[in-house]
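Chain naming here is simple, since letters A, B, ... match the order of the sequence lines and numbering starts at 1 in each.
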2 protein chains.
Amino acid sequence: MSDPAPDPATAALAHDLRMACMRVARRVRFDVGNTIAPHHFSVLVRLHEQPRTLGELAAIEQVSPPSMSRSIDQLADLGYVVRSPDPDDGRLVRLSLTGEGRDVVGRERELRDAWMAARIEGLSDADRTVLRRATDLLEGLLEADRGGAQSRASGSGEAR
Amino acid sequence: MSDPAPDPATAALAHDLRMACMRVARRVRFDVGNTIAPHHFSVLVRLHEQPRTLGELAAIEQVSPPSMSRSIDQLADLGYVVRSPDPDDGRLVRLSLTGEGRDVVGRERELRDAWMAARIEGLSDADRTVLRRATDLLEGLLEADRGGAQSRASGSGEAR
DNA sequence: TCTAACTCATTACCCGATCTAACGATAGCT
DNA sequence: AGCTATCGTTAGATCGGGTAATGAGTTAGA
């Protein structure tokens with residue numbers, strides 16, 4: 001392992017693809033919604049996947065437990081999240097979404113998806129087929145190192 | 001304009017493609033570098049494109065002029081940016097990168113590109129061709145509404 | 001021409017978010 | 001039972017950002 005200079009075309013593709021993805025992400029974040037703070041939405045998405053403890057959530061979001069505790073305070077005040085004690089371990093606090101919390105996630109996702117849909121609707125079927133295949137490839141790449149060397153907790157992509 | 005329900009395949013593609021892009025962006029931000037604060041790097045990238053005035057930069061980065069002024073203070077202390085008076089208009093402050101500032105941008109970009117390169121190196125030529133075409137399509141989509149309805153200032157994709 | 005209005009950057013002050021350190025509370029081990 | 005580790009919260013400090021007010025500089029009109 002040392003990446004002894006990949007060929008120029010691959011290097012250029014890596015750069016261009018990375019830039020394109022980051023630009024899409026940036027545009028979505030800037031142009032869409034803003035009905036909820038980005039870090040709050042990110043938390044809701046994690047809890048939409050499954051209920052979690054506060055410590056888990058803090059680790060996933062790469063934030064200290066006290067910070068996450070404060071965020072949860074706010075999301076609980078908004079009625080999007082509920083704290084409940086863990087039946088097996090009294091130290092843990094289990095977090096889960098309320099129905100309203102799930103609605104918020106659903107609405108925001110619709111807005112974001114609509115942003116992207118509006119841009120690919122005008123493409124030809126052939127072009128959309130290319131994007132479909134590329135998307136599947138990207139998903140494979142992202143999935144590939146989920147259990148890999150570093151096995152990071154980052155991944156939902158809905159973040160911030 | 002009203003998007004009267006696009007076909008399901010397109011809607012699914014929009015969702016999956018957006019998610020994939022955002023996940024890539026998130027992973028790059030989390031996994032790579034962290035040698036410089038994200039908002040600082042974003043500013044350096046804008047100045048790497050071309051010298052700008054403080055007000056321009058604040059508008060592009062969507063922060064208030066006072067905040068940008070403070071960020072520039074820090075980047076100037078780090079030796080990455082220099083303020084210089086505009087010869088034609090004494091009110092303006094022209095901002096440009098130092099050699100070291102350019103080096104920082106270069107190094108960070110290399111790290112980020114290497115992250116992506118490491119993931120696409122293992123693909124077949126056919127798969128990389130798909131990604132190449134998809135990247136070009138995405139660049140077209142991003143470019144398409146640069147002069148469009150809202151003509152937002154967001155676009156570098158190197159941000160945050 | 002010279003003053004009034006406007007523009008750009010900075011300074012002053014406040015708020016919100018995050019961090020580390022310290023503190024109960026609960027589990028688990030010996 | 002008692003000791004130690006873990007989880008979440010509270011306390012205090014720091015940092016990034018926002019609005020309001022200030023000062024320098026430019027532009028336009030009497």
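Screening residues 72-82 of chain A for salt bridge (charged side-chain N to carboxylate O under 4.0 Å, His left out), with sequence neighbours left out, gives D73(A)-R83(A).
To the nearest 0.5 angstrom, R27(B) atom CZ is 12.5 Å from C21(A) atom SG.
For dG16(D), the OP1/OP2 oxygens have a side-chain nitrogen or oxygen of Q74(B) closer than 4.0 Å. Listed pair S64(A) / dC19(C) meets the phosphate criterion, a side-chain N or O lying under 4.0 Å from OP1 or OP2. A close approach under 4.0 Å does occur between a side-chain nitrogen or oxygen of S71(A) and OP1 or OP2 of dT18(C).
Here the C1' atom of nucleotide dG16(D) and the CD atom of E61(B) are 14 Å apart, to the nearest Å. A straight line from CG of L75(B) to C1' of dG16(D) spans 13 Å, rounded to a whole angstrom. dT26(D) atom P lies 10 Å from atom CG of D88(B), rounded to whole Å. Rounded to an integer number of Å, the gap from H40(A) NE2 to dT18(C) P is 7 Å. To the nearest angstrom, P of dT26(C) lies 13 Å from CG of D86(A). Rounded to whole angstrom, the span from the CD1 atom of I36(A) across to the P atom of dA17(C) amounts to 12 Å. One atom, CE of M68(A), and another, C1' of dT10(D), lie 17 Å apart when rounded to the nearest Å.
Remark: R132(A) engages D16(B) in a salt bridge, criterion side-chain N to carboxylate O under 4.0 Å. Using a 4.0 Å cut-off between charged nitrogen and carboxylate oxygen, R26(A) and E61(B) count as a salt-bridge pair.
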(request) Assign a letter to each nucleotide of nucleotides 8-15 of chain C from its 5' end: B, base within under 4.0 Å of a protein heavy atom; S, sugar-phosphate only; -, no contact. (result) SSBB----
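Checked by atom type and distance alone, the side chain of R128(B) pairs as donor or acceptor with a backbone atom of E121(B) at under 3.5 Å.
Partner of R52(B) under the side-chain contact (heavy atoms from CB on, under 4.5 Å) criterion, chosen from V93(B), I60(B), L95(B), V43(B): I60(B).
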